[in-house]
There are 2 protein chains.
Amino acid sequence: MSAAHDEPKPTNGPGDLPGQVPLLLAMAFRAMNDRFLGRLAELGREPLRPAHGYTFRYLAAHTDATTVDLAAHLGITKQAASKAVAELEGWGYLTRHPHPRDRRAHALALTGRGRDYLHQADQLWAEAEQEWAEVIGADRLAAVRADLEAYLRHTYGGTEVPLRPVW
Amino acid sequence: MSAAHDEPKPTNGPGDLPGQVPLLLAMAFRAMNDRFLGRLAELGREPLRPAHGYTFRYLAAHTDATTVDLAAHLGITKQAASKAVAELEGWGYLTRHPHPRDRRAHALALTGRGRDYLHQADQLWAEAEQEWAEVIGADRLAAVRADLEAYLRHTYGGTEVPLRPVW
DNA sequence: CCTAGTAGGCAACTCGGTTGACCACATGCA
DNA sequence: TGCATGTGGTCAACCGAGTTGCCTACTAGG
């Protein structure tokens, strides 16, 4: 590393330009995600990727979901979803059993192991959130949450927010 | 699409669980990013990816940056950075000229075309930000920005924030 | 001056997606 | 009832953006 000559980058300070908030959002999420992944590694968890977490969350909330449902929710093709499902099944996080109303389909369900993972992940996210709360205060955090939810409501209306990851 | 039986998902509402704010962050950024990409496509721009934007931003702020500097900043290998640089050079967004102090290296610099793109991108991000401001109010947006900056300062201290994308 | 280190590029590979083709079952309708 | 059309799921080939490994050219410090 070396040469790049640092100029007085106007990246922080009160006199900021508009249009930086989206980037700040991304950086903050990135920071929390890094923290999350670090803690996960510390705890000796498998190399599960964010998409897996979203998968678990979806399956926990929707009974008898199919691979195609999942694909739609994640915003990927059914083939990609199928691969992920096979992998997660192999690792014992979910099971596929005959679908009660469609003999072509498999109904997906989390195993206990899958639910355990989800709970642990929720806890880790809560830790990251808590750290932010300690910096800015619980009241400010609640305000931020409300502001984020307002934006999402505005953007997606009543429809279910596509939970697919930013990767 | 079909079967997935929707349960009363506790994903919104005031009585929310802790640990969801990081996800909200990701979803909000995702929404803004989708909007950004949509507008970019409308304007007939090339298939530039987020990483390219970060590259432009870095080159605009650091004179005589090398490929290795860029790689470090983006958090990728120098080979990957090298590929991206070659691509962007081919498209006329940046130039490589002999480095003034190191004959092994190339000093990277944005072309006018590159600067144009950056300005346009900044404007599009500002649009997305503005949309949020219209939903929650300019004062709340400013508060959110301050809260995000506080978290990033807390996390990265004085060191430069790794601007690498969430992809 | 010689050695250790660094900028950069080439090649082979990985990984998580994609498109395309296909089969099995489902559904609507004449 | 039978059939056309649609949909769940899988296999296979491919793609893009990253990776590791290896090499050369130049730098810089004893």
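Here is how names work: the chains are called A, B, and so on, in the same order as the sequence lines, proteins then strands, and each is numbered from 1.
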To the nearest angstrom, how far is A:Gln79 atom CD from D:dT7 atom C1'?
-> 13 Å
Expressed in angstrom and rounded to an integer, what is the separation of A:Tyr54 atom OH from C:dG16 atom P?
-> 16 Å
Quick one: is B:Arg103 getting a side-chain N or O under 4.0 Å of the D:dT27 phosphate, OP1 or OP2?
-> yes
Please state whether the phosphate of D:dT10, meaning OP1 or OP2, lies under 4.0 angstrom from any side-chain nitrogen or oxygen of A:Ser82.
-> yes
Side-chain N,O (A:Thr67) to OP1/OP2 (D:dG8) below 4.0 Å | no
Would you tell me if any nitrogen or oxygen in the side chain of B:Thr66 comes within less than 4.0 Å of OP1 or OP2 on C:dG8?
-> yes
Looking only at heavy atoms, what is the nearest atom pair of B:Val21 and A:Glu129, with distance?
-> N-OE1, 3.1 Å
For the student: nearest non-hydrogen atoms of A:Asp147 and B:Trp132, plus distance = O-NE1, 3.1 Å
Would you tell me whether A:His154 and B:Glu134 have side-chain atoms, one donor and one acceptor, within less than 3.5 Å of each other?
-> no
At under 4.0 Å between heavy atoms, what does B:Ala105 touch on the DNA or RNA strands: base, sugar-phosphate, or nothing?
-> sugar-phosphate
Phosphate oxygens OP1/OP2 of C:dG9: is one of them under 4.0 Å from a side-chain N or O of B:Arg96?
-> yes
What is the distance, rounded to the nearest whole Å, between atom CG of B:Asp102 and atom P of D:dA28?
-> 6 Å
Show your reasoning for whether side-chain contact (heavy atoms from CB on, under 4.5 Å) applies to B:Trp125 and B:Asn33.
-> CA-CA 8 Å; B:Trp125 284 120; B:Asn33 194 43; 3.4 Å; yes
From NE2 of A:His99 across to P of D:dG9 the rounded distance in Å is 8 Å
What does B:Thr77 touch in the nucleic acid at a heavy-atom separation under 4.0 angstrom: a base, only the sugar-phosphate, or nothing?
-> base
Rounded to whole angstroms, how far apart are NZ on A:Lys78 and C1' on C:dT18?
-> 13 Å
